[in-house]
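Have a look at the structure below before the remarks.
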Number of protein chains: 2
Amino acid sequence: MVTSRRIADVASEAGVSPTTVSHALSGRRPVAPATRARIMDAVERLDYRPDRLATSLRTQRTQTLALIVPDIANPYYPASARALLDGVNEAGFMTLIANTDGDPEGEREALQEMVARRVDGIVMHSLATSTADLRRIVGPDLPVVVVGGVSGLIATDLVVTADSVGIGEAVKYLHDKGVRDLGFVDGTEGNGMHRLAAFLGAAHALGMNVQEDWIGHTPFTREGGFAAAMSLLHGDRRPAAIMCANDLIAIGVMDAARALSISIPQDLAVIGFDDIETAALVTPQLTTITNPASLTGATCAEMLLERIALGADAPYMTRVLPTSLVLRESA
Amino acid sequence: MVTSRRIADVASEAGVSPTTVSHALSGRRPVAPATRARIMDAVERLDYRPDRLATSLRTQRTQTLALIVPDIANPYYPASARALLDGVNEAGFMTLIANTDGDPEGEREALQEMVARRVDGIVMHSLATSTADLRRIVGPDLPVVVVGGVSGLIATDLVVTADSVGIGEAVKYLHDKGVRDLGFVDGTEGNGMHRLAAFLGAAHALGMNVQEDWIGHTPFTREGGFAAAMSLLHGDRRPAAIMCANDLIAIGVMDAARALSISIPQDLAVIGFDDIETAALVTPQLTTITNPASLTGATCAEMLLERIALGADAPYMTRVLPTSLVLRESA
DNA sequence: CCACTGACACAAACCGATTTGCAAAGGAGC
DNA sequence: GCTCCTTTGCAAATCGGTTTGTGTCAGTGG
């Protein structure tokens, strides 16, 4: 292949017009078998492959999706991304990926850029923008699946995990073990707050004690968890258990406990969220709440394809995925 | 925003021609300040954002790159991907991502699809195709950075890690500890074989004993490592140490050792490769060889941008990244 | 006063496909 | 033999931008 071929090259090679080549390839109009054969032969010989840019410009469909995540290096997302990619790949879609670092500004830029590239749909994790703003940016008709909670009116399809179920389970488990003093390390404010809310609701319902200074906010990283726990465990009265908005934070909390010679789970129970692969590998093994990453990705793929097939007029859908407590050693 | 605006809308809103709008926005020809102001104002008011498809079709540049990896869910890649995305993002590039599962056929398809989408460059991990075939698929002029070894003639830019250095270090370390019987669990054949080769070279140079049935091949996963180790540790004579082509395999090997009640590192030393985050978290902590994922990604970004700036005529470049042994508990 | 120059804006061609309207040819029915 | 379809293929318009060639106008130098 010296240079890339155009449809006109194929046409002249086969002795027909570009129109006929297009029809032969797309099948949108009948083409005589003999002609079609000549065309296919020419395609083969020239190794012709249509320019997707031109096709997309004309058809207004790009066969491309956008995946927007806070941080692909955060181990929860790759699993989800993988399932998403697999799901849409079969349908002939490729995926553009962008990181936002949880920053609303970054989110906005990513969205705008994706829209300018005319993606056919967007999967958006952890929306920090309101769906009203979202719709202002992407327009009313572009399929968007948001994973996780949203604030404000819902104007997108939604994949949510039933976080409160797993969290309730975990709180009840601690309660049954006799724990009364509870702390929670949440992610950055404005994001994932619903996990904190679910936690507070469950703790309150069981009459447990949650001091204000036992609640921390921090980035969703191991370092963040470490820092938050260090300050949280500093006071003269400590909680007997700490739950965390994700596993990385929980691992950071365990780092802190180790640094402070607090033994887990005897002196401090720790419960994470997500059940990333590493959770089963740390010492002590992390008790956590499953967040079915790969199921989430697959569900996003499914919903997005469905939405694309349905069109924008069909009512918004919400799908709820299960979570549950996984008992290991840390609690 | 009711519907997306075209340049013609902006032009009529500002009372000029589309040409002038284009010039005003791109700055490729001078536009009178007053006119420019009117145009900018119209752009603002209509929230106009040029259609990248149309622009790309005309300019033959998409500002889009391709990242092709065996499996984004494999924890080595997200770190690398993140650094790559960050690096090219600054330059205004977005990235399409595809998984190949190490399958040559999948690789080919991914490449073809990326080419059809007219990406400006490709980062390719673990090429299973020869670079000659690669060039046949992508053409002679498209920038490609390959990470890891290649077979056959080199016809791309290359980012390699000095695997043999770290591996040599590790073998020497084991030798100095008195170990003489060595095994190796490699990834799927045809891929990563150079790690096995480096291992064999180093072991041979130090006169160590590597039985044929102490060498396993398996997918780059924990399960793969487990299965390989189970069969490898089954014989009547066992190696005193096993080195692995990546950390996931090594963790699987440790799983197997645990299942067989072989204690690490006393009865069996295990050394991984990559130094993924989890390596420091497992018990016993995994001794491994660093593979600077994030540096790799950043280097790819740098090289690709450089190549795009340089053009296809500049000679191919190779950049070598360091590796080194990280001593922990498993060896 | 005229030729020349630079600044500025526009019309038209182009990127590479798809799609619509139309014409020519061949076959069926009367 | 003539009309009416159906089949088959082409020319031209279109998607939404960018780029090139051209024309106009005001200012400058001789």
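Naming: A, B, ... by sequence-line order, numbering from 1 per chain.
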* Rounded to whole angstrom units, what separation is found between the CG atom of Asp9(A) and the C1' atom of dC15(C)? -> 14 Å
* Heavy-atom contacts under 4.0 Å between residues 12-24 of chain B and DNA chain D, which residues? -> Thr19(B), Ser22(B), His23(B)
* Asked: Separation of Ile7(B) atom CD1 from dC10(C) atom P, in whole Å?
  -> 12 Å
* **Contact list for residues 90-99 of chain A, test side-chain hydrogen bond (donor to acceptor under 3.5 Å, both in side chains), sequence neighbours left out** => none
* Are the side chain of Tyr48(A) and the backbone N or O of Arg5(A) linked by a donor-acceptor pair below 3.5 Å? -> no
* For DNA chain C, what residues of residues 89-96 of chain B have any heavy atom nearer than 4.0 Å? -> none
* **Sequence neighbours excluded - salt bridge (Lys or Arg N to Asp or Glu O under 4.0 Å) pairs with any residue from residues 66-77 of chain A** => Asp71(A)-Arg82(B)
* Terminal helix-axis angle for the helix from dC1(C)-dG30(D) to dC30(C)-dG1(D), with five pairs defining each axis and rounding to 10 degrees -> 50°
* To do: Please work out which residues in residues 29-43 of chain A have a non-hydrogen atom less than 4.0 Å from an atom of DNA chain C and list them by number.
  => Arg29(A)
* To the nearest angstrom, how far is Leu57(B) atom CG from dA13(C) atom P? -> 18 Å
* Just grab all the salt bridge (Lys or Arg N to Asp or Glu O under 4.0 Å) pairs involving residues 123-133 of chain B, residues at least two apart or on different chains. => Asp133(B)-Arg136(B)
* side chain to side chain contact (heavy atoms under 4.5 Å, CB included) partners of Ala116(A), counting only residues at least two apart -> Arg52(B)
* Let me know the distance between CZ of Arg6(A) and P of dC15(C), rounded to the nearest Å. => 7 Å
* Distance check: side-chain N/O of Gln60(B) vs OP1/OP2 of dC14(C), anything under 4.0 Å? -> no
* **Donor-acceptor under 3.5 Å (Asp9(A) side chain, Arg6(A) main chain)** => yes
* Structure fact -> Separation between CG (Leu25(A)) and CZ (Arg36(A)), nearest 0.5 Å, reads 8.5 Å
* Asked: Hey, is CZ on Arg28(B) packed in by over 12 heavy atoms from elsewhere, all under 6.0 Å?
  -> no
* **Pairwise side-chain hydrogen bond (donor to acceptor under 3.5 Å, both in side chains) hits with a residue in residues 14-23 of chain B, at least two apart** => Ser17(B)-Thr20(B)
* Which residue lies toward the 5' end of DNA chain C, Arg61(A) or Ala54(A), if each is placed at its nearest nucleotide? -> Ala54(A)
* Provide, to the nearest angstrom, the distance between the CZ atom belonging to Arg28(B) and the P atom belonging to dA7(C). => 17 Å
* Asked: Under 3.5 Å, side chain of Thr64(A) to main-chain N/O of Thr62(A), donor-acceptor pair present?
  -> yes
* Could you check how far CG of Leu53(A) sits from P of dT18(C), rounded to whole Å? => 13 Å
* Checking side-chain contact (heavy atoms from CB on, under 4.5 Å) for the pair Met94(B)/Gln63(B): CA distance, chi angles, key distance, verdict? -> CA-CA 7 Å; Met94(B) 298 247 90; Gln63(B) 296 282 97; over 6 Å; no
* To do: For Arg49(A), enumerate each residue passing the side chain to side chain contact (heavy atoms under 4.5 Å, CB included) test, keeping only those at least two apart in sequence or located in another chain.
  => Asp47(A), Gln112(B)
* To do: When you get a sec, tell me which of dA13(C), dA17(C), dT19(C) is the closest nucleotide to the side chain of Arg58(B)?
  => dA13(C)
* Send over the distance from Arg49(A) CZ to dA17(C) C1', rounded to a whole Å. => 16 Å
* Asked: Among Asp313(A), Asp157(A), Asp141(A), Asp120(A), which one satisfies salt bridge (charged side-chain N to carboxylate O under 4.0 Å, His left out) with Arg307(A)?
  -> Asp157(A)
* Asked: From the 5' end of DNA chain D to its 3' end, which nucleotides mark the outer limits of contact with chain A, defined by a 4.0 Å heavy-atom distance cut-off (strictly under)?
  -> dT8(D) to dG16(D)
* Residues that Thr55(B) engages under side chain to side chain donor-acceptor pair (under 3.5 Å), provided they are two or more places apart -> none
* Asked: For the pair made of CZ in Arg117(B) and P in dG16(C), what is the distance, rounded to whole Å?
  -> 18 Å
* Show your reasoning for whether side chain to side chain donor-acceptor pair (under 3.5 Å) applies to Thr100(A) and Glu107(A). => CA-CA 5 Å; Thr100(A) 66; Glu107(A) 229 174 56; 4.7 Å; no
* Asked: Is the backbone N or O of Gln60(B) less than 3.5 Å from a side-chain atom of Arg118(B), with the two atoms forming a donor-acceptor pair by type?
  -> no
